[in-house]
Amino acid sequence: RGPARRRRSSCPRPLRCWRAVNALVVVFAVIAGVAGSVQVAVMSKLGERVGVFGALAWATSLAALLAIALMLVARGSFGELTAAARQPVWLWSGALMSIIIVLAITVAGSRIGVIATVSILLAGQFAAGAAIDRYGWLGADKIGVGWWRVVGIVLLGIGAGLTLKR
């Protein structure tokens with residue numbers, strides 16, 4: 001493959017557009033954070049009512065149907081879904097990770113509470129994210145992990161541990 005060609009920007013002032021897009025990305029990330037906490041509370045309650053595996057199967061099946069519907073609305077075809085099916089099997093591990101996450105929050109939320117579940121989940125994500133960045137695992141770019149990041153992750157771990165106190 002040759003060098004990638006850059007498309008001409010439709011934005012009259014690229015810096016202003018960049019800031020607007022980044023602001024929207026931050027807002028979307030905040031919404032996702034809220035959704036994650038709501039998901040812990042809802043899934044733990046559903047797990048109590050119908051059983052952990054029934055809740056897991058229902059939520060992931062419904063999520064798959066909604067994702068396909070969203071893709072069809074946004075793209076108008078199954079092209080991206082079939083393209084994903086043709087990727088190396090190790091890239092499909094995101095589906096397994098989703099099952100692990102939903103199963104864990106369904107079990108943990110009702111036993112240790114929403115804040116402890118979310119805190120421990122985030123501490124684990126930060127630690128794993130730092131290792132993935134540092135070593136370039138899973139095709140990620142290598143990014144240095146300095147002592148300040150390590151201290152931050154340790155503090156997050158301590159904070160997550162403190163949320164277990166009732």
Side-chain angles (χ1 to χ4, degrees), residues 22-141 143 145 149-166:
N22 280 343
L24 287 173
V25 168
V26 168
V27 168
F28 191 54
V30 169
I31 291 169
V34 171
S37 292
V38 170
Q39 184 183 28
V40 171
V42 169
M43 287 304 299
S44 63
K45 191 56 67 181
L46 184 60
E48 287 176 352
R49 291 184 178 197
V50 302
V52 170
F53 294 105
L56 173 68
W58 173 253
T60 55
S61 298
L62 187 57
L65 290 173
L66 291 171
I68 290 170
L70 181 61
M71 180 192 63
L72 289 174
V73 168
R75 300 291 189 231
S77 76
F78 287 99
E80 292 177 355
L81 184 64
T82 56
R86 292 187 190 110
Q87 298 306 305
V89 174
W90 72 270
L91 288 174
W92 299 356
S93 64
L96 176 61
M97 299 305 113
S98 294
I99 296 295
I100 291 168
I101 292 165
V102 175
L103 180 60
I105 66 172
T106 303
V107 171
S110 61
R111 289 167 176 78
I112 62 174
V114 173
I115 187 63
T117 301
V118 172
S119 297
I120 293 167
L121 179 87
L122 288 175
Q125 285 181 316
F126 273 71
I132 290 167
D133 277 351
R134 168 69 175 88
Y135 299 106
W137 293 337
L138 305 170
D141 292 335
I143 298 173
V145 178
R149 288 187 179 173
V150 173
V151 169
I153 292 167
V154 168
L155 291 173
L156 278 167
I158 292 168
L162 290 174
T163 64
L164 290 170
K165 298 278 186 187
R166 287 203 179 222

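In this text the structure is predicted, and so the values were computed from the model without any measurement.
Considering CG of Leu91 and CZ of Arg86, their distance stands at 15.0 Å, rounded to 0.5 Å. How far CD of Gln87 is from OG1 of Thr82: 10.0 Å, rounded to the nearest 0.5 Å. Ile31 contributes atom CD1, which lies 9.5 Å from atom CG of Leu24 (distance to the nearest 0.5 angstrom). The CG atom of Leu81 lies 8.5 Å from the CG atom of Leu72; values are rounded to the nearest 0.5 Å. To the nearest 0.5 Å, the span separating CD1 on Ile115 from CG on Leu162 amounts to 11.5 Å. Atoms CZ and CG, from Phe53 and Leu103 in turn, are 5.5 Å apart once rounded to the nearest 0.5 Å.
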| message | Evaluate Val150 against Val145 for side chain to side chain contact (heavy atoms under 4.5 Å, CB included), listing each step before the verdict. | response | CA-CA 7 Å; Val150 173; Val145 178; 4.0 Å; yes

### Query
Should Ile101 and Met43 be marked as a side chain to side chain contact (heavy atoms under 4.5 Å, CB included) after you check the CA-CA gap, both sets of side-chain angles, and the distance that decides it?
CA-CA 11 Å; Ile101 292 165; Met43 287 304 299; over 6 Å; no

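Heavy-atom minimum distance, Val50 versus Ala55: CG2-N, 3.6 Å. Here the closest non-hydrogen pair linking Thr163 and Ala116 is OG1-CA, 3.2 Å. Contact detail for Val114 and Ser37: the closest heavy-atom pair is CG1-O, 3.7 Å. Nearest heavy atoms, Val102 versus Gln39: CG2-NE2, 3.9 Å.
At least one side-chain heavy atom of Ile132 sits under 4.5 Å from a side-chain heavy atom of Leu138. Between Ile100 and Met97, the closest side-chain pair of non-hydrogen atoms falls below 4.5 Å. Counting heavy atoms from C-beta on, the side chains of Ile120 and Leu164 come closer than 4.5 Å. You'll find the side chain of Ile99 reaches within 4.5 Å of the side chain of Leu56, heavy atoms only.
Applying the side-chain hydrogen bond (donor to acceptor under 3.5 Å, both in side chains) test to pairs two or more places apart or on separate chains, none has a residue in residues 114-137. The stretch residues 69-101 participates, sequence neighbours left out, in no ring pair (Phe, Tyr, Trp, His ring centres under 6.0 Å) pair at all.
Between the side chain of Arg111 and the main chain of Val107, a donor-acceptor pair closer than 3.5 Å is present. Looking at Ser61, its side chain never comes within 3.5 Å of a backbone N or O of Trp58 through a donor-acceptor pair.
Within a 6.0 Å radius of CG in Asn22, other residues, nucleotides and ligands contribute more than 12 heavy atoms.
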